[in-house]
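Below is one structure, written out as structure tokens; comments come after it.
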Number of protein chains: 2
Amino acid sequence: MVTLYDVAKSAGVSPKTVSRVLNGDGPVGKATRDSVEAAMQALGYVPSSAARALRSAKSGLIGVVSGAISYTDDNPLLAGLPEIYILRGIQDVLDEKRLTVLLTDTGGRADAAPGLLNTLARHRVDGTIYVAPFHQQVALPPPTAVSAPLVVANGFADDATSAVVPDDYTGQRVLVDGLIARGHRRIAYLQLPHALLATQHRTRAYEDAHRAAGLPLDPGLMIVADRVDDDAEARTATLQHAIAALLATSPLPTAICCGNDRMALAVYGMLRARGLRIPDDISVAGYDDYRLISETLYPALTTVALPYREIGRQAARLLTEPQSGTRRITVPGPVHWRDSVTTIT
Amino acid sequence: MVTLYDVAKSAGVSPKTVSRVLNGDGPVGKATRDSVEAAMQALGYVPSSAARALRSAKSGLIGVVSGAISYTDDNPLLAGLPEIYILRGIQDVLDEKRLTVLLTDTGGRADAAPGLLNTLARHRVDGTIYVAPFHQQVALPPPTAVSAPLVVANGFADDATSAVVPDDYTGQRVLVDGLIARGHRRIAYLQLPHALLATQHRTRAYEDAHRAAGLPLDPGLMIVADRVDDDAEARTATLQHAIAALLATSPLPTAICCGNDRMALAVYGMLRARGLRIPDDISVAGYDDYRLISETLYPALTTVALPYREIGRQAARLLTEPQSGTRRITVPGPVHWRDSVTTIT
DNA sequence: CGATGTCATGACATCGATGTCATCATGGGT
DNA sequence: ACCCATGATGACATCGATGTCATGACATCG
């Protein structure tokens, strides 16, 4: 390994001067700088961040705790994508600031967190972002003696911890307001389980939108159509029942809001199996804007984007641009109107 | 920060003894070990991997270069998922060995690699895994003075670099053999662009399967139905044309192999828009086993799994369990037979 | 019973950077 | 002509671990 001392010797200067060239600390003469840089080039010098970290207590690492990698196939409902987008937002910001991500994965087990935080502490990360798989309250281990700043993304912990969460209410509200504006009067809502915070916020938005428009709320149109823990077949069956119940109402709904795009994908198939055309007979909307689904479905799916990337960005900024005190940020996501929704004249 | 010296003082032993307890090097008396461990507990000691790395030249970090994070929405064709699964396989192995992933992302630009490798070198990673977004030859920057061992996953570089790649030939071959065994005689093949190595291998497999069964090869059934660089609409149009061409042949094909699951998803919609039932009128198969698509589609999609997770595992093992010389490993993936394929009697 | 080996432990140097403080020109201000 | 701020550079200690070598206490062996 070429060290800073080798560079110094080769350039005929002191180690400290090389350090100054490297970090732009003190002033360095033009000629000296050039010869140092030439020496670094010639020797193929690569600074050791271990040594730097040891001396200056800055590792240049940001720890990330997430299930982005492992959730991918454990839970197809979530499919890991949200966390990937959040990671991407984090990268956006950290790249600019020349920080590197030290990634640890929960492997889907919530009790993995303490061990992972310990690993991050060993590496003396300059800060940690804890990424929740979906909008929820997370339980953090008690802050140890070694506590770099910590931010929760896509969830929140307690009042002493900064957090960034999606604005579920506004997303659903804008969607339903938009459907009403497009002439829909009987709008069904196939919900995700009520245990999800997102469902609670979105349900309130669905109801508020109806109230604001002076429309009645028909309980027959609001059905929980997914489960959390079951296997794929049981979940399909749950959805089948919901669709059957919906199509038994009269008059038929003209639009169906689905809890997420994945549900919408299944709904497409089920409606068509019953001979219904989308959007001519019935409009469909999703949630999440999984572009893999929403753009590929035929017709393309109207859906609400969750601003995951922006959540990641905000979290990274919160962490790296020291603010005063603890903050909680709510990030709204736009509705993408596509061909699966028609206007009723 | 609590250091090893604090622990030593508190336990009344020398720093070196604490180090021995930590690493299990030399022998340590039972009583001494207990008091040291108690002191570590009490003080909340967390070892500094920077100091350890500096002294012993082992960082406990494995660098990963991939586009897993950034590809996610830049290129819906690939959608990042393959790389996520590969990462997962890597994690499987590294977790066991108590190594941590230092993740750097190409941001979708191939020319980002040299800079990323330099970042990894600064952190003195114990090894590097270069993850290719799809099966291809990758161009690595010239090995610098600082070269930890490197392995390419899901691609290959040159004869001096170990690599792990998927077995595209066998996957497609088993699929087409299986379709023929199920009575299909006119099997269409909607290919991905020929520029992809995967397409070349799979096309050979498709042809070999026909030859082996004594079936004629109809060029009208082999259509390139996707493009690499175009926007979503142009790609949909390309696929539409392919479907139209296919349905103009006589007799109609009884099965369609798609280049990937995403294409199969679109094909479902297009066939149904033309009034064809799946699988009654025509069977459909995909490739990749994106479970998000393959398990959710209705009916569920028959497809070939790409063994991404296993590729990641093998790559991590290749890196961390030093073998003799350079190796190249080919990993096969199984066919998942689901309801989108019917047997012709 | 002395030689020898193993166990248990400590002293000290060292890994490769940076922080602190000192040194020595140089040049502008008065 | 003198003072002092500023620029350019270096000497030296230091960050927190581990590698090397040394030491003393026992146990074992011929």
Side-chain angles (χ1 to χ4, degrees), chain A residues 1-37 39-40 43-61 98 118-119 121-126 145-146 148, chain B residues 1-37 39-40 43-61 98 118-119 121-126 145-146 148:
Chain A
M1 278 305 334
V2 179
T3 75
L4 173 147
Y5 293 91
D6 301 324
V7 174
K9 196 172 301 176
S10 161
V13 300
S14 79
K16 181 68 220 197
T17 298
V18 177
S19 172
R20 276 192 270 259
V21 171
L22 228 53
N23 301 292
D25 297 60
V28 178
K30 175 88 171 71
T32 312
R33 158 170 288 112
D34 287 348
S35 79
V36 168
E37 276 166 353
M40 297 199 302
L43 299 178
Y45 169 68
V46 179
S48 156
S49 62
R52 187 205 303 275
L54 181 57
R55 187 65 179 92
S56 62
K58 304 226 157 175
S59 61
L61 298 174
R98 322 207 127 268
N118 184 268
T119 297
R122 292 170 121 79
H123 288 283
R124 298 290 189 272
V125 293
D126 296 333
V146 205
Chain B
M1 277 304 335
V2 178
T3 75
L4 173 146
Y5 293 93
D6 301 323
V7 175
K9 196 173 302 176
S10 161
V13 299
S14 78
K16 181 68 220 194
T17 298
V18 178
S19 170
R20 275 192 271 256
V21 170
L22 229 54
N23 301 292
D25 298 60
V28 178
K30 173 90 171 70
T32 312
R33 159 170 288 112
D34 287 348
S35 80
V36 168
E37 276 167 354
M40 297 198 302
L43 299 178
Y45 169 68
V46 180
S48 156
S49 62
R52 187 207 301 277
L54 180 57
R55 187 63 178 95
S56 63
K58 303 224 158 177
S59 61
L61 298 174
R98 323 206 127 266
N118 184 268
T119 297
R122 294 170 119 79
H123 288 283
R124 299 292 189 269
V125 292
D126 296 333
V146 205

(request) If a protein heavy atom is under 4.0 Å from the base, mark B; if only from the sugar-phosphate, S; if neither, -; do that for nucleotides 9-22 of chain D going 5' to 3'. (result) BBB-BBBBBBBB--
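Between the OG atom of Ser10(B) and the OH atom of Tyr5(B) there is a distance of 16.0 Å, given to the nearest 0.5 Å. Rounded to the nearest 0.5 angstrom, Ser35(A) OG and Lys30(A) NZ are separated by 10.5 Å. Taking CG from Asn23(A) and CZ from Arg52(A), the interatomic distance works out to 5.0 Å, rounded to the nearest 0.5 Å. In this structure, Leu43(A) CG and Lys9(A) NZ are separated by 11.0 Å, a value rounded to the nearest 0.5 Å.
Annotation: side chain of Thr3(A) is in contact with side chain of Asp6(A) (closest heavy-atom distance under 4.5 Å). In this structure, the side chains of Arg124(A) and Leu54(A) stay at 4.5 Å or more apart for every pair of heavy atoms. For the pair Arg20(A) and Val36(A), the minimum side-chain heavy-atom distance is 4.5 Å or more.
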(request) Whenever both distances are under 3.5 Å in a Watson-Crick or G-U wobble pair, mark it; put DNA chain D into dot-bracket that way, with [ ] for crossing pairs and | when the partner is on another strand. (result) ||||||||||||||||||||||||||||||
